[in-house]
Amino acid sequence: QVQLVESGGGLVQAEDSLRLSCTASGRSFSSYAMGWFRQAPGKGRELVAAISRSGTSTYSADSVKGRFTISRDNAKNAVHLQMNSLKPEDTAVYYCAASGPTSYTGYRLRPEEYGYWGQGTQVTVSS
């Protein structure tokens, strides 16, 4: 069983920055592909960024490309999402997700490929 705990959300103004963090329990963190998803009110869950087990491969959605960066620290069982130049449309609950142990060396794009989810952290960007 993997437990994920997000932190770092909050209320900011447009163009501000935030850094979200997610820490995972267990000893197999380096074998998990990780992702950050978000869900805005009335909308579906959207993949924001994903990262491979080693951290060498990353993906960012077009809506955040150039503004958000995903990274991980396997020694600390942590994955981060650096969010710069925030916009009001980035307002959402952000979820950290883990694939579970995998031999696949790339990142995962679909929600159904992630077996573990955090409780979410609210990010609100005012204009």
Side-chain angles (χ1 to χ4, degrees):
Q1 188 73 12
V2 178
Q3 291 185 325
L4 304 173
V5 179
E6 301 103 332
S7 61
L11 171 63
V12 297
Q13 295 185 332
E15 296 304 314
D16 282 352
S17 297
L18 274 178
R19 186 180 191 231
L20 303 184
S21 295
C22 171
T23 56
S25 63
R27 301 179 179 179
S28 303
F29 181 75
S30 61
S31 67
Y32 307 154
M34 300 295 295
W36 285 98
F37 290 76
R38 68 185 180 187
Q39 187 164 18
K43 296 188 177 181
R45 192 163 294 191
E46 170 193 21
L47 175 66
V48 176
I51 191 165
S52 61
R53 297 183 304 165
S54 66
T56 55
S57 297
T58 62
Y59 166 87
S60 296
D62 287 343
S63 58
V64 305
K65 197 165 293 183
R67 300 188 297 123
F68 291 12
T69 302
I70 189 171
S71 63
R72 68 188 294 163
D73 184 343
N74 286 344
K76 296 183 178 180
N77 281 19
V79 61
H80 307 287
L81 185 68
Q82 179 65 43
M83 307 187 293
N84 298 329
S85 302
L86 283 160
K87 304 176 180 181
E89 51 264 43
D90 294 319
T91 295
V93 178
Y94 284 71
Y95 298 91
C96 171
S99 67
T102 178
S103 59
Y104 180 62
T105 57
Y107 47 73
R108 301 288 190 179
L109 296 179
R110 298 178 298 169
E112 55 267 32
E113 296 180 296
Y114 291 86
Y116 304 96
W117 295 81
Q119 80 288 351
T121 185
Q122 176 70 46
V123 172
T124 303
V125 185
S126 63
S127 57

Let me confirm one number: the OG-NE2 distance from Ser21 to His80, rounded to the nearest 0.5 Å.
4.5 Å
Glu6 side chain to Cys96 main-chain N or O, any donor-acceptor pair under 3.5 Å?
yes
Does any part of the side chain of Arg45, heavy atoms only, come nearer than 4.5 Å to the side chain of Trp117, both counted from C-beta?
yes
Does the side chain of Glu113 come within less than 4.5 Å of Ser99's, by heavy atoms?
no
May I have the step-by-step check of salt bridge (Lys or Arg N to Asp or Glu O under 4.0 Å) for Lys87 and Asp90, ending in yes or no?
CA-CA 5 Å; Lys87 304 176 180 181; Asp90 294 319; over 6 Å; no
Hey, are Ser17 and Asn84 close enough side-chain-wise for a donor-acceptor pair under 3.5 Å?
yes
Could you check whether any side-chain heavy atom of Ser63 comes within less than 4.5 Å of a side-chain heavy atom of Glu46, counting everything from C-beta outward?
yes
Hits for salt bridge (charged side-chain N to carboxylate O under 4.0 Å, His left out) against Lys76, two or more places apart or cross-chain, chain-then-number order -> none
Can you tell me how far the CG atom of Asn74 sits from the OG atom of Ser28, to the nearest 0.5 Å?
11.0 Å
Under 4.5 Å between side-chain heavy atoms, chaining through other members, with only Ile, Leu, Val, Met, Phe, Trp and Tyr counted: pull out the rest of the cluster around Val125, sorted by chain and number.
Val2, Leu4, Val12, Leu18, Leu20, Phe29, Tyr32, Met34, Trp36, Val48, Ile51, Val64, Phe68, Ile70, Val79, Leu81, Met83, Leu86, Tyr94, Tyr116, Val123
Check: Ala24 main-chain N/O paired with Asn77 side-chain donor or acceptor under 3.5 Å:
yes
Side-chain (Arg72) to main-chain (Gly55) donor-acceptor, under 3.5 angstrom:
no
Examine Leu11 and Val93 and state if one hydrophobic cluster contains both, with Ile, Leu, Val, Met, Phe, Trp and Tyr joined whenever side-chain heavy atoms are less than 4.5 Å apart.
no
Can you give me the closest heavy-atom contact between Ala14 and Ser127, atom names plus distance?
CB-CA, 4.4 Å
Closest non-hydrogen atom pair between Ala92 and Arg38, with its separation:
CB-CB, 3.8 Å
Side-chain touch Thr102/Arg108, heavy atoms, less than 4.5 angstrom:
yes
Atom CD of Gln3 with >12 non-hydrogen neighbours under 6.0 angstrom:
no
Looking at Ala33 and Gly106, what are the two nearest heavy atoms and their distance?
CB-O, 4.1 Å
Please work out whether the ring planes of Tyr59 and Tyr107 are parallel, tilted or perpendicular, with thresholds of 30° and 60°.
tilted
